Amino acid sequence: GFVLASSTLFGRESSPDKRLQNAATVFQEIMNTPDKGIPTDLFEKAQCIVIVPGLKKGAFGWGGKYGRGFASCRHGDRGWGAPAGIRIEGGSFGFQIGGSSTDVVMLVMNESGMNRLLADKFTLGGQAAAVAGPVGRETSANTDVLATAEILSWSRSHGLFAGVSLEGATLRPDGDENEKLYEKAMTNKEILQGGVQTPHAARMLICELDEFTKGVTSPCGNATARSLEFSGRARLSEIHFATNKADILPDSEPALSQALAALKDNPSWKVRIEGYTDNVGSASANRKLSEDRANAVADWLASHGVDRARLKTRGYGETHPIADNSTDEGRAKNRRVELVRMR
């Protein structure tokens, strides 16, 4: 049945390195949209986090689901510890937001929830009180439901982010993932209780967690530099342009400054600046617009001290969308600039 089918599908999954990058990107994007993301006061109270990038719907008539991700736990002012592999499968999922692939984030709020995470296997809802998390910048974290919940959970699909009930889903350690990541067999309890060195492939994820944690100084540089270092690509989603033009709007300054700092701190890096649009308008006009926007970013960086010879530009127009063009939110995500390190 389900376990056999899911293990076959697990075999086709991407490598842990790629999944760690995806987990870091999911967390960064969610936390960078505070009005629609995980409330920061809840994140501050959490003891552990579980991130499953790209939970899949299985082709099992009764709607099975499975995913592979990572858990990390907080260790006081030392920040977040090395990640352990987690598998999630089954479950009825109280809030269905469609799509064959959904990102899932869970916050483990107290010691009893953490103890379950250290166990061999547990079922959400049955053994662990798990509720849909609230969305927004701040929340009154003292409501009765939040005060007693062991685990709060959210999901994101097609750009839509909301609390989700994962009733009946089972979480278990992913020993295969741990062995690949740490090059020896390790239990989730050994990893999550601290003292294990964070592997290089996981540094981007831990840096992102530390970045959003009060009282912890992230030693990892700015987010654009991290993305370029670990994945070779950085999405500059906070650079905005005038409608149908390549004029950079003033609110783009922080994102441009971060890109500038990344390139100045790493003078050997050469990057390709890629422009993308949504699908409104003709394909040829969109390609031209995306090229102009990429060039506008290159010109800004060059005018602020980056050697223009280090910067290439490319416009891809409406190709390679990262979200659904049928919604305003999806189109906004597709209008973007990305930096790619050239080897």
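As the structure is a prediction and not an experimental result, all values here were calculated from the model.
Residues Asp174 and Phe70 fail the side-chain proximity criterion, which asks for heavy atoms closer than 4.5 Å. Residues Tyr182 and Gln197 fail the side-chain proximity criterion, which asks for heavy atoms closer than 4.5 Å. Side-chain contact check for Thr187 versus Pro173: every heavy-atom pair is 4.5 Å or farther apart. Annotation: side chain of Asp103 is not in contact with side chain of Val52 (no heavy-atom distance under 4.5 Å). With a 4.5 Å cut-off on side-chain heavy atoms, Lys270 and Lys312 do not count as touching. Side-chain contact between Leu301 and Ile273 is present, with at least one heavy-atom pair separated by less than 4.5 Å. Between Arg74 and Glu44, some side-chain heavy-atom pair lies under the 4.5 Å cut-off. Here the side chains of Ile86 and Asn188 are in contact, with some heavy-atom distance below 4.5 Å.
Separation of atoms CG (Leu205) and CD (Gln21) is listed at 11.0 Å; rounding is to 0.5 Å. Here the OG atom belonging to Ser326 is positioned 11.5 Å from the CG atom belonging to Asp278, to the nearest 0.5 angstrom. Note that NE2 of His304 and CG of Leu260 are 7.0 Å apart. Values are rounded to the nearest 0.5 Å. Of the inter-residue distances, the one linking Asp120 atom CG with Leu171 atom CG reads 12.5 Å to the nearest 0.5 angstrom. To the nearest 0.5 Å, atoms CG (Leu256) and CG (Asp251) are separated by 10.0 Å. In this structure, CG in Leu117 is found 5.5 Å from SG in Cys48, a value given to the nearest 0.5 Å.
Relative ring orientation between Tyr316 and His320 is described as perpendicular, the plane-to-plane angle rising above 60° on a 0-90° scale split at 30° and 60°. Ring pair Phe27/Phe212 is perpendicular by interplanar angle, where above 60° counts as perpendicular and below 30° as parallel.
Looking at Asp307, its side chain never comes within 3.5 Å of a backbone N or O of Arg310 through a donor-acceptor pair. Checking side-chain atoms of Thr123 against main-chain N and O of Thr170 turns up no donor-acceptor pair under 3.5 Å. A donor-acceptor pair under 3.5 Å is formed between the side chain of Arg293 and the backbone N or O of Lys245. Checking side-chain atoms of Asp210 against main-chain N and O of Gly79 turns up no donor-acceptor pair under 3.5 Å. No donor-acceptor pair closer than 3.5 Å links the side chain of Arg19 to the backbone N or O of Gly69. Side chain of Asn178 to main chain of Gly85: a donor-acceptor pair is present (N/O by atom type, distance under 3.5 Å, no hydrogens or angles). Arg203 contributes no side-chain N or O that, together with a main-chain N or O of Thr198, makes up a donor-acceptor pair within less than 3.5 Å.
Taking every heavy atom of both residues into account, Ser252 and His240 meet most closely at OG-N, 2.8 Å. Considering all non-hydrogen atoms of both residues, Leu181 and Ala201 come closest at CD1-CB, 4.3 Å. Closest heavy-atom contact between Met204 and Arg226: SD-O, 4.3 Å. Contact detail for Met114 and Cys73: the closest heavy-atom pair is CE-SG, 4.0 Å. Between Leu152 and Gly133, the closest heavy-atom pair is CB-CA, 4.3 Å. The minimum heavy-atom distance between Pro39 and Trp154, with the atom names listed, is CD-CZ2, 4.1 Å.
Using a cut-off of 4.0 Å between Lys/Arg side-chain N and Asp/Glu carboxylate O, Asp292 and Lys288 are scored as salt-bridged. Residues Arg233 and Glu274 are paired through a salt bridge, judged by an N-O separation under 4.0 Å between the basic side chain and the carboxylate. Remark: Arg87 engages Asp176 in a salt bridge, criterion side-chain N to carboxylate O under 4.0 Å. A salt bridge links Asp299 and Arg308; the closest N-O separation between the charged side-chain nitrogens and carboxylate oxygens is under 4.0 Å.
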Side chain to side chain contact (heavy atoms under 4.5 Å, CB included) for Val135 and Ile38? Distances and angles first, verdict last.
CA-CA 5 Å; Val135 171; Ile38 294 170; over 6 Å; no
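Checked by atom type, the side-chain pair Asn279/Asn286 shows no donor-acceptor distance below 3.5 Å.
The aromatic ring centres of Trp80 and Phe43 sit less than 6.0 Å apart.
At a threshold of 4.5 Å between side-chain heavy atoms, the hydrophobic network of Ile, Leu, Val, Met, Phe, Trp and Tyr places Met31 and Leu236 in two separate groups. No single ILVMFWY cluster, assembled from side-chain heavy atoms under 4.5 Å apart, contains both Phe241 and Tyr276. Under the 4.5 Å side-chain heavy-atom criterion for Ile, Leu, Val, Met, Phe, Trp and Tyr, Leu209 and Leu42 are members of the same hydrophobic cluster. Side-chain heavy atoms closer than 4.5 Å link hydrophobic residues (I, L, V, M, F, W, Y) into clusters, and following such links, possibly through other members, connects Ile51 to Val196.
For the side chain to side chain donor-acceptor pair (under 3.5 Å) with Asn334, the qualifying choice from Asp324, Asn325, Thr277 is Asn325, the only one to do so. Results of the salt bridge (charged side-chain N to carboxylate O under 4.0 Å, His left out) test with Glu338 over Arg235, Arg314, Arg272 single out Arg235 as the only residue that passes. Among Glu167, Glu150, Arg116, Met106, the one residue that satisfies the side chain to side chain contact (heavy atoms under 4.5 Å, CB included) test with Leu124 is Met106. Screening Leu339, Val340, Asn266 for a side chain to side chain contact (heavy atoms under 4.5 Å, CB included) involving Leu228 leaves a single residue, Leu339.
Annotation for Asn244: atom CG does not count as buried by contact number, only 12 or fewer foreign heavy atoms lying within 6.0 Å.
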